[in-house]
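In what follows, residues are counted from 1 in the order of the sequence shown. Atoms within each ligand, like the ligands themselves, are counted from 1 in listed order.
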Amino acid sequence: MEPERVLIFDTSLRDGEQAPGCSMNTAEKLVLARKLRRLGVDIIEAGFPIASAGDAEAVRRVAAEVEGPIIAGLARCVEKDIRVAWEAVRCSSRPRIHTFLATSDIHLAFKLRIGREEALRQTANMVAYASSLCADVEFSPEDATRSDVSFLCEVLQAAVEAGATTLNIPDTVGYTTPMEFAELIRTIRQRLHGAEHVVISVHCHNDLGLAVANSLAGVEAGARQVECTVNGIGERAGNASLEEIAMVLHVRGDRYPVKTGIRHDEIYSTSRLLSKILGFETQPNKAIVGRNAFAHEAGIHQHGVLSNPLCYEIMTPETVGVPPDRIVLGKHSGRHALAHKFKEMGHELSAEEISRIYQDFIRLADRKKHVYDQDLLSILYGQRTGARQPQAGPEMRT
Ligand code: KIV
Ligand code: ZN
C-alpha cells in the first residue's frame, strides 16, 4: 500500500521571519521561495500581508512568480486582514488564506478581551468570509494546547462548517509534550464531525526543545500537514525544523509509514541559502545541517566511518546534499584518518612515514583547534626535507 502523504507547510517567510534578525525583504523572500519550491515543499506561507505594505507586496510577488506550491497569506479573523491577504495571494494558481483566532482563556481575556461566545461567532463569520473568496482556507486556533479541549473542538467544528479545508493545531508557546499533543490530535479527530474531509495540521514552537518531537507525535496521531521552518527559525526558540522533520520521516520510515515531497538532497543548500540571506549560521551541532552534523574527529569513530560509514552514520551526508568531506582532523584523530587524509591529497604514505608524521600532527593538534590540509602538507614536507615544523597559528588554544 502506498504510504500516506504528509504535506510540508513552510512558514520560514512568515513565522520564521518574525524572529529577531530574521526579517527578509521582497527580493530575499523571492529567492528563498524559489529554493523552497525546488526543495519540494507543498505550501509556502509567504507572509502576513496586513502587517505592512512591504509584506503584502512580498506575498503578492511570491504568489505571482512562484508556480507549483500553494501560496498562503496569514490573516487574523478580521475582515480587513482577510481581504488584504486575499488580494496578496489571489494571483497564485493555488492560493490559500490562513486565518487564526486565539482560543485559550488567557488569550481571550488578556489579549482579545472577548468571551468564548464571541470567539466562536468571529471564527464562524470570518472563516465563512474567507471561504467566499478562496476555496482553500486554513484555520488555526492560536494557543490551542492551552485551550479548554471541549471549547477548542466547538471552535474547530464551527470552522469546518463555515468552510475551512485545513485545521491547524498550534502549540503557540511550545508548552505541550509529545504524548499530550498526540492525545489532543486524536481527540480532535474523534470528536469532529467531518474530520475525514479536512486536513489536520500541526504547528509547534520550540520553547522546551520539543517542537520536532511534538510535530512527529501529531503525525503519529493522524496529522497530515506539518508546519515548519528551514533551520528551525521562528519566534523565540523557533519553530519545528523542516530538515529534522523531513529526515526523521525519511530515515525512520519503519516508524512513520508516510512520505513527504521533500527532495532530501536539496536540504543542505536550502539551509545554507537561508543562513546567507539572514547573515548568521546555525549552531555547529545542529542536526542534519550543522557544520559538525557529519564531522567525525575521534580516532575510533574515524576508523569506523572509513571502514563503513554506517558504523557511526544513520544517513550519509550526500543524502541531504552535504559535500562528502566528513573527516575532521584534531587531537582525537588516529593514524587511519591521517593516512586517509593524505591519500585524499594525493599522498600514499607508508605505515612508518604515517607513524612519524603522526607525532608531529598530534603535537600541533594539541595546540590548534583545527588542523588544515596546509598544516599536514607542511609536516610532510618538513619530515621529508628536515625543515622546521609548522607553528600553531592564531587559533592556538593556550
Ligand atoms: O504559533 C502560532 O500560533 C501561529 C499561528 C498564527 C498559526 O503562528
Ligand atoms: Zn507560530
Side-chain angles (χ1 to χ4, degrees), residues 7-20 22-23 41-52 55 59 70-78 81-82 84-85 88-89 96-108 110-112 119 122-123 126-127 130 136-147 151-152 155-156 159 164-176 181 184-185 188 198-212 214-215 218 223 225-242 244-245:
L7 301 171
I8 297 295
F9 176 118
D10 182 276
T11 183
S12 306
L13 299 177
R14 198 280 296 172
D15 219 343
E17 83 141 359
Q18 283 175 215
C22 292
S23 67
V41 309
D42 299 283
I43 301 111
I44 296 174
E45 185 163 58
F48 192 8
I50 197 74
S52 71
D55 213 22
V59 176
I70 292 171
I71 307 298
L74 186 69
R76 290 169 300 183
C77 271
V78 170
D81 280 38
I82 293 171
V84 171
V89 295
R96 172 179 293 187
I97 297 174
H98 176 192
T99 188
F100 71 100
L101 185 78
T103 47
S104 65
D105 287 335
I106 185 166
H107 277 229
L108 292 180
F110 293 95
K111 191 180 79 172
L112 300 176
Q122 285 184 15
T123 301
M126 290 304 109
V127 172
D136 186 343
V137 174
E138 172 170 331
F139 172 72
S140 292
E142 193 189 7
D143 206 16
T145 52
R146 293 192 302 167
S147 303
F151 176 61
L152 177 65
V155 172
L156 292 172
T165 45
T166 298
L167 294 179
N168 177 47
I169 312 303
D171 182 27
T172 304
V173 290
Y175 177 70
T176 197
F181 196 51
L184 178 65
I185 300 297
I188 290 168
V198 294
V199 175
I200 305 290
S201 166
V202 289
H203 175 116
C204 296
H205 280 266
N206 206 29
D207 299 66
L208 292 173
L210 289 173
V212 168
N214 288 336
S215 305
Q225 175 178 290
V226 177
E227 303 200 351
C228 46
T229 58
V230 176
N231 295 345
I233 62 166
E235 290 271 14
R236 308 180 307 281
N239 288 60
S241 123
L242 183 152
E244 294 174 27
I245 299 280

- Determine yes or no for a side-chain-to-main-chain donor-acceptor pair under 3.5 angstrom, with Asp42 supplying the side chain and Ile8 the backbone.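 Checking the backbone N and O of Ile8 against the side chain of Asp42, a donor-acceptor pair under 3.5 Å is found.
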
- Message: side chain to side chain donor-acceptor pair (under 3.5 Å) for Thr229 and Asn239? Distances and angles first, verdict last.
- Response: CA-CA 6 Å; Thr229 58; Asn239 288 60; 4.8 Å; no

- Over 12 foreign heavy atoms within 6.0 Å of CZ, Phe151: yes

- Message: Under the side chain to side chain donor-acceptor pair (under 3.5 Å) test against Thr11, which residue among His98, His203, Glu45 passes?
- Response: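 For Thr11, the side chain to side chain donor-acceptor pair (under 3.5 Å) check succeeds only for Glu45.
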
- Task: Sort out for me which residue in Thr145, Asn214, Asp15 forms a side chain to side chain donor-acceptor pair (under 3.5 Å) with His205.
- Result: Asp15

- Message: Holding to salt bridge (Lys or Arg N to Asp or Glu O under 4.0 Å), I want the full list of residues that pass it with Asp171, two or more places apart in sequence or in another chain.
- Response: none

- Stepwise, does the side chain to side chain donor-acceptor pair (under 3.5 Å) test hold for Gln225 with Asn168? CA-CA 8 Å; Gln225 175 178 290; Asn168 177 47; 5.0 Å; no

Under a 3.5 Å threshold, I'd like every N/O contact between ligand 1 and protein atoms, with atom names and distance.
unit_1: ligand 1; atom_1: 1 (O); unit_2: His203; atom_2: NE2; d: 3.2
unit_1: ligand 1; atom_1: 1 (O); unit_2: His205; atom_2: NE2; d: 3.1
unit_1: ligand 1; atom_1: 3 (O); unit_2: Thr172; atom_2: OG1; d: 2.6
unit_1: ligand 1; atom_1: 8 (O); unit_2: Arg14; atom_2: NH1; d: 3.4
unit_1: ligand 1; atom_1: 8 (O); unit_2: Arg14; atom_2: NH2; d: 2.9
unit_1: ligand 1; atom_1: 8 (O); unit_2: Asp15; atom_2: OD2; d: 3.1
unit_1: ligand 1; atom_1: 8 (O); unit_2: His203; atom_2: NE2; d: 3.1

- Query: With Thr176, which residues qualify under side chain to side chain donor-acceptor pair (under 3.5 Å), at least two apart?
  - Reply: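 Thr176 satisfies side chain to side chain donor-acceptor pair (under 3.5 Å) with Glu180 only.
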
- Message: What protein N/O/S atoms are there under 2.8 Å from the Zn ion (ligand 2), waters excluded?
- Response: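 Those protein N, O or S atoms (cut-off: under 2.8 Å from the Zn ion (ligand 2)) are Asp15 OD2, His203 NE2, His205 NE2.
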
- Query: Is Phe181 close to Ser215 at the side-chain level, that is, under 4.5 Å between some pair of heavy atoms?
  - Reply: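 Counting from C-beta outward, Ser215 and Phe181 never come under 4.5 Å.
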
